[in-house]
Every structure is written in C-alpha cells, then in structure tokens.
Amino acid sequence: MLGKKLVMAQKRGETRALCLGLGMVACSMIMYFFIGITIMPLYKRSVWTKKSVCKLIEAGIKEKVHFFCNESSSDENTFHYPCLDVQVNLTALGQVVMLYHTEETIDKNPKCSYIPPNMEDDSELQRHVEKIVYSFRNEKLFPCHYDPSREETSVLLERLYPPEKLLITFIWPTLMWIGGVLIVIMVKISQYFSLLSATQNRTGI
C-alpha cells in the first residue's frame with residue numbers, strides 16, 4: 001500500500017515537473033515571437049552600424065518647434081522647445097552632415113538634432129539646450145555612428161539599438177527555454193529509470 005502511494009506521488013511530481021518544463025518552453029517561444037514582431041524591426045532599421053569620429057562644424061539653436069507627445073495635436077499634448085541644429089564633419093568620409101542624438105530623434109523630428117525632455121519652465125528648457133550647445137563647442141571631436149552604405153546620410157551620437165543590446169534582450173527567453181528543456185529531459189530520464197526498475201522487479205532480475 002505504501003509502495004503504491006509512493007509511486008502515485010512520484011507520478012504526480014513528474015507530471016507537475018513536466019507541465020512546468022513545457023510551460024517554460026511555451027513562454028520562451030511567446031517571448032521570442034514578441035521580440036521578433038516588436039523589437040527586431042527597430043534593430044533592423046538602425047543602419048548606423050559603423051563608428052567614426054565627428055568634428056563639430058556648427059552647433060546652434062534655431063527657432064522653437066512644436067513637439068506632439070502623441071498623435072493628438074491638441075495643446076495639452078504638445079510642448080515647444082528650442083530646435084538644436086548640429087552640423088559635423090564625418091572624418092571617415094570627409095562629409096559635412098547633420099548629427100542626431102538617437103534613432104528616435106530622426107523618427108520624431110528630423111529638423112532638429114535633439115528632442116529635450118518635456119519641461120514646464122521655458123527658461124529651464126532653454127538653459128538645458130544651451131548647455132548642450134556649450135558642451136558640443138567644448139568637445140569639438142567626439143565618436144559618432146554612420147551608415148556605411150550612405151543610404152542614410154545623417155549620423156548619430158548614440159545608438160539605441162546596437163547588437164549588444166539585442167543579445168541582452170534574448171538572454172532571458174533563451175535561459176527560460178534551456179531551463180524548460182532540461183526539466184523535460186530530467187523528467188523523461190526519471191520515467192525511463194522508473195520503468196526500467198519496475199520491469200526488473202517483475203522479471204526478478
């Protein structure tokens with residue numbers, strides 16, 4: 001009687017472990033799918049793969065522009081900010097091009113090199129952008145990223161979607177998938193040895 005109870009408990013434990021392992025594999029597949037349809041396109045569009053040195057040609061503030069926080073164009077969802085314009089010499093190719101902060105800057109407003117955070121105080125916002133202009137004029141030379149095919153003529157100060165970040169994005173679902181597969185393998189091995197032991201007991205070996 002006790003032996004039967006132990007066998008039943010073992011089977012229930014194996015079933016739960018098997019469900020856990022398969023659940024982890026399924027979750028990892030869902031995460032891979034989610035990454036593939038939401039994050040991967042962003043990395044594919046980031047064509048500024050080569051790193052070079054840029055030399056400042058000119059950094060200044062143009063007229064104020066409107067920035068829409070979302071698709072709505074109402075006054076509540078917009079703010080005005082000084083438009084920073086930074087022209088640099090891409091030393092690798094000897095071309096004068098416009099510098100942008102990140103990929104998102106080009107997508108949201110290609111007229112300006114930088115989109116500052118939304119600040120309620122206009123004078124504080126002006127000082128923030130002027131400080132950036134001052135930093136550029138002090139640096140003169142700084143690393144930048146460009147498109148080697150030159151289909152995209154602009155350059156970036158920072159990349160939001162470099163290959164290293166993409167690898168980090170895949171770490172968690174990969175670890176979950178490996179863990180789930182290992183659990184399933186261990187359950188199957190346990191079931192195999194239990195069956196082998198039961199067969200030996202029946203045959204009297």
Side-chain angles (χ1 to χ4, degrees), residues 31 34-172:
M31 291 173 70
F34 179 77
I35 291 171
I37 63 174
T38 59
I39 299 177
M40 281 294 291
L42 298 175
Y43 283 89
K44 286 182 179 179
R45 290 209 316 265
S46 183
V47 295
W48 298 266
T49 55
K50 286 287 185 179
K51 199 168 184 179
S52 181
V53 175
C54 286
K55 181 179 181 181
L56 180 68
I57 300 297
E58 183 183 359
I61 298 173
K62 300 192 293 187
E63 75 284 352
K64 283 193 174 182
V65 296
H66 307 286
F67 178 72
F68 301 115
C69 299
N70 53 42
E71 292 182 358
S72 172
S73 57
S74 64
D75 292 339
E76 294 178 355
N77 296 310
T78 64
F79 78 97
H80 310 281
Y81 64 92
C83 183
L84 175 64
D85 180 53
V86 180
Q87 300 292 326
V88 298
N89 179 15
L90 179 59
T91 56
L93 302 175
Q95 297 176 352
V96 177
V97 293
M98 188 166 180
L99 175 76
Y100 291 96
H101 183 210
T102 64
E103 295 95 332
E104 284 187 353
T105 311
I106 299 176
D107 291 337
K108 292 178 178 178
N109 186 4
K111 294 181 180 179
C112 302
S113 296
Y114 174 69
I115 299 175
N118 190 358
M119 298 179 182
E120 294 182 0
D121 188 352
D122 287 346
S123 58
E124 184 182 354
L125 183 60
Q126 182 73 25
R127 286 194 298 271
H128 174 74
V129 178
E130 287 175 352
K131 186 177 179 181
I132 294 172
V133 173
Y134 179 77
S135 298
F136 272 117
R137 289 174 179 171
N138 268 357
E139 288 291 331
K140 296 291 186 183
L141 290 173
F142 43 85
C144 57
H145 305 270
Y146 70 98
D147 176 12
S149 70
R150 302 312 294 146
E151 290 182 10
E152 181 60 60
T153 56
S154 59
V155 294
L156 299 181
L157 184 64
E158 298 175 11
R159 287 186 71 194
L160 291 177
Y161 311 111
E164 312 86 64
K165 286 188 178 179
L166 184 60
L167 290 175
I168 293 171
T169 304
F170 278 105
I171 284 176
W172 174 241

Between [X] and [Y] (side chain of the first, backbone of the second, donor and acceptor by atom type, cut-off under 3.5 Å), is there such a pair?
{"X": "Trp48", "Y": "Glu152", "value": "no"}
{"X": "Glu103", "Y": "Leu160", "value": "yes"}
{"X": "Ser113", "Y": "Leu99", "value": "yes"}

Let me check something: any side-chain donor-acceptor pairs from residues 35-44 under 3.5 Å, sequence neighbours excluded? List them with distances.
from	atom 1	to	atom 2	distance (Å)
Thr38	OG1	Phe34	O	2.5
Tyr43	OH	Leu166	N	3.4

Hey, mind stepping through Asp85 and Lys111 against salt bridge (charged side-chain N to carboxylate O under 4.0 Å, His left out) and telling me if it holds?
CA-CA 8 Å; Asp85 180 53; Lys111 294 181 180 179; over 6 Å; no
Ring centres under 6.0 angstrom apart (His145, Tyr100)
no
Would you please indicate if the ring centroids of Phe142 and Phe136 are separated by under 6.0 Å?
yes
Sorted by chain and residue number, the side chain to side chain donor-acceptor pair (under 3.5 Å) partners of Arg137 (sequence neighbours excluded) come out as none
So, Ser46 and Arg159: side-chain donor and acceptor under 3.5 Å apart, yes or no?
yes
Pair Thr102-Glu104, side-chain donor/acceptor within less than 3.5 Å
no
Which label fits Tyr114 and His101: parallel for a plane angle under 30°, tilted from 30 to 60°, or perpendicular past 60°?
perpendicular
For Thr91, enumerate each residue passing the side-chain contact (heavy atoms from CB on, under 4.5 Å) test, keeping only those at least two apart in sequence or located in another chain.
Ser52, Val53, Lys55
